[in-house]
Structure formats: C-alpha cells, structure tokens
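Each remark here refers to the structure printed beneath this line.
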Amino acid sequence: MSEELIVRHGSPTLAGLKTGSLFSCACPDGAELCRTLRSWNRRLAPKGVRALGLRLLKGRALIYVYRPARLARDLERAEVRALLADRGYPTDATACVRTLCQRLRRTEEFPHEIGLFLSYPPEDVRGFIENRAGGFKCVGCWKVYGDAAAARALFGKYSHCTRVYCDRYARGVPLERLTVAG
C-alpha cells in the first residue's frame, strides 16, 4: 500500500485542518495492511496522528487517519454526544472508535454518524440522517444542510491543502515533515 494514498486522501488531517479522513484502497493482503499501518503509526504518532484499518472487505481496506486528541474534543460537544448516544455509542472517544469499527465490520453500509468522526458539522450529519440524504443545500466533501457558505469555504481549504501536500510529497518531502504536530 502506497504512502502516497495517505497524502492524497488525508492531507487536511495531516495538516491539522480536520480531525479525521477516511479512504478506501485496494488491499488483497491483510498482513500487508497491518505492516503498512504499523509503519505509518510509528512515524505519525509523535505528531498526534493515528491510522486505523476500520474494515477489510472484498479486497479493499477502509482506512481512518485521525487525530485522537482532537476527536476526543469533538465528541465532547453536546450535539455530537446526543447524536452518538441516540445511536448507542459510549461516551469515551476510544470506545466510540471501537464501536464504529464494529458497526462497519458487521455490514457493508456506512453508519451515517461516521461524519462526526471526520469533522463534519453535527447539523449536517443530523440533516443527512433526518432527510435520508435528500434536501441538502450543497454538496462537496459531504452533503450540507446547515451553513452552505462556511462549508464551501472549508471544501476550498481542504482542496487547496490536498493540492499543496501532493505537490510537496511529489517533490520529495517525507510524510513526517508534511504532518503538523498537534
């Protein structure tokens, strides 16, 4: 599994702009996945970033790159806690990640609350759930039900960050130097 994947799909998280990023990639070998994740984690943990394999299914791995300390803060917000509690999640951030992982491994469908683990605004996650993915104001990295102007600005930041990080990585800047401590 290429290191370039984490740069292409996780730049906003590596840069500290968002809590987590999620991507799927080809992975015919579970042992290879474990080796790759261990390598990434050895290098990223000192910067406060962790990579976790959430699911391996039909030759594809679902990778979650996140900042555990920031996730813990995100999950403390009252609206986030309420959304997760409604879906049977515990209150501890580590236990929440474990619960999410278990849910992803039990079914091929995504639990809609996954957006809360990716810095999506709670109002947008709630809107997606309540409107069954319809009636949104705009779409970018996620479907927006709340502040469309703020979301578009974030989408632009994330896109710009990804372009810059991919360019710097292509020029030889290592993953550790691209990752902001936090």
Side-chain angles (χ1 to χ4, degrees), residues 1-76 80 84 89-90 92-111 113-120 125 140-142 154-155 157-182:
M1 188 176 333
S2 165
E3 187 176 275
E4 185 263 340
L5 286 169
I6 198 170
V7 175
R8 184 172 359 120
H9 298 290
S11 292
T13 299
L14 298 176
L17 297 177
K18 64 187 300 240
T19 297
S21 298
L22 188 69
F23 64 93
S24 174
C25 60
C27 182
D29 181 5
E32 161 88 16
L33 173 64
C34 289
R35 283 190 299 277
T36 299
L37 292 173
R38 272 194 305 272
S39 170
W40 288 351
N41 284 320
R42 267 194 311 275
R43 296 160 58 209
L44 297 176
K47 303 281 186 130
V49 175
R50 181 160 187 228
L52 181 64
L54 294 180
R55 173 171 75 188
L56 181 59
L57 181 70
K58 298 179 183 175
R60 299 210 49 91
L62 185 62
I63 309 297
Y64 179 45
V65 179
Y66 72 110
R67 294 180 171 269
R70 184 166 168 176
L71 179 64
R73 285 192 305 273
D74 289 356
L75 299 185
E76 286 296 315
V80 172
L84 290 176
Y89 280 79
D92 174 70
T94 301
C96 282
V97 172
R98 199 170 24 254
T99 300
L100 176 66
C101 193
Q102 290 166 350
R103 289 182 180 186
L104 284 164
R105 289 178 181 169
R106 281 196 304 250
T107 179
E108 289 187 38
E109 292 184 30
F110 272 60
E113 67 275 5
I114 199 167
L116 299 171
F117 295 79
L118 304 170
S119 296
Y120 297 0
V125 173
C141 300
W142 64 85
L154 269 179
F155 299 158
K157 275 185 183 178
Y158 295 165
S159 180
H160 176 73
C161 174
T162 300
R163 282 191 307 274
V164 168
Y165 268 52
C166 286
D167 180 61
R168 292 185 70 207
Y169 183 76
R171 292 173 188 254
V173 177
L175 182 61
E176 295 86 348
R177 284 204 32 227
L178 289 172
T179 306
V180 173

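Every value quoted in this text rests on a predicted model; they were computed, and no experiment measured them.
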### Query
How far does CG of Leu62 sit from CG of Leu57, to the nearest 0.5 angstrom?
9.5 Å
### Message
Going by side-chain contact (heavy atoms from CB on, under 4.5 Å), name the residues that satisfy it together with Arg60, two or more places apart in sequence or in a different chain.
### Response
Ser24, Ala26
## Note on the structure
Taken to the nearest 0.5 Å, the spacing of Arg177 CZ from Thr179 OG1 works out to 11.5 Å
#### Entry: Test side-chain contact (heavy atoms from CB on, under 4.5 Å) applied to Arg98 and Tyr89, step by step
CA-CA 10 Å; Arg98 199 170 24 254; Tyr89 280 79; over 6 Å; no
## Note on the structure
Residue set satisfying ring-ring contact (aromatic ring centres under 6.0 Å, His included) with Phe23, at least two apart, ordered chain then number -> His9
### Message
For Ala15 versus Cys161, what's the shortest heavy-atom pair and its separation?
### Response
CB-SG, 3.6 Å
### Task
Apply side-chain contact (heavy atoms from CB on, under 4.5 Å) to Val80 and Glu76, showing your working.
CA-CA 7 Å; Val80 172; Glu76 286 296 315; over 6 Å; no
### Task
Mark yes when over 12 heavy atoms from residues, nucleotides or ligands other than Glu109 sit less than 6.0 Å from its CD; otherwise mark no.
no
### Task
Output all residues satisfying salt bridge (Lys or Arg N to Asp or Glu O under 4.0 Å) with Arg43, sequence neighbours left out; order by chain, then residue number.
Glu3, Glu176
### Message
According to salt bridge (Lys or Arg N to Asp or Glu O under 4.0 Å), who are the partners of Arg171, at least two apart in sequence or on a separate chain?
### Response
Asp167
### Task
Identify the two heavy atoms, one from Cys101 and one from Gly53, that lie closest to each other, and give their separation to 0.1 Å.
SG-O, 4.3 Å
Show the atom names and distances, to 0.1 Å, of all donor-acceptor pairs under 3.5 Å that link a side chain in residues 63-70 to residues at least two apart or in another chain.
from: Tyr64; atom 1: OH; to: Phe117; atom 2: O; distance (Å): 2.7
from: Tyr66; atom 1: OH; to: Arg50; atom 2: NH1; distance (Å): 3.3
from: Arg67; atom 1: NE; to: Thr13; atom 2: O; distance (Å): 2.8
from: Arg67; atom 1: NH1; to: Lys47; atom 2: O; distance (Å): 3.4
from: Arg67; atom 1: NH1; to: Val180; atom 2: O; distance (Å): 3.2
from: Arg67; atom 1: NH2; to: Thr13; atom 2: O; distance (Å): 3.3
from: Arg67; atom 1: NH2; to: Leu14; atom 2: O; distance (Å): 2.9
from: Arg67; atom 1: NH2; to: Val180; atom 2: O; distance (Å): 2.6
from: Arg70; atom 1: NE; to: Thr19; atom 2: OG1; distance (Å): 3.0
from: Arg70; atom 1: NH1; to: Gly16; atom 2: O; distance (Å): 2.9
from: Arg70; atom 1: NH2; to: Leu17; atom 2: O; distance (Å): 3.3

### Task
Test side-chain contact (heavy atoms from CB on, under 4.5 Å) on Tyr120 and Leu154 and set out the steps.
CA-CA 10 Å; Tyr120 297 0; Leu154 269 179; over 6 Å; no
### Query
Taking side chain as C-beta onward, heavy atoms only, is Leu37 less than 4.5 Å from Leu52?
no
### Any residue meeting side-chain contact (heavy atoms from CB on, under 4.5 Å) with Ser159, in chain and number order, not counting sequence neighbours
Arg163
### Query
Is there any salt bridge (Lys or Arg N to Asp or Glu O under 4.0 Å) pair reaching into residues 8-21, and which pairs are they, with sequence neighbours excluded?
Glu4-Arg8
### Ser39 side chain vs Arg35 backbone, donor-acceptor pair below 3.5 Å
no
### Query
For the atom pair OH (Tyr158) and OG (Ser119), what is the distance rounded to the nearest 0.5 Å?
5.0 Å
### Task
Give, for atom SG of Cys141 and atom CG of Leu118, the distance between the pair rounded to the nearest 0.5 Å.
10.0 Å
### Query
Which residue, Leu116, Val125, Leu100, Thr99, forms the side chain to side chain contact (heavy atoms under 4.5 Å, CB included) with Leu84?
Leu116
### Query
Going through the checks in order, is the side-chain contact (heavy atoms from CB on, under 4.5 Å) test met by Leu175 and Trp40?
CA-CA 9 Å; Leu175 182 61; Trp40 288 351; 4.3 Å; yes
### Task
Taking side-chain contact (heavy atoms from CB on, under 4.5 Å) as the test, write out the residues that go with Leu56, two or more places apart.
Cys27, Ala61
### Message
My understanding is that only residues two or more places apart in sequence, or in another chain, count here; which of them pass salt bridge (Lys or Arg N to Asp or Glu O under 4.0 Å) with Arg55?
### Response
none
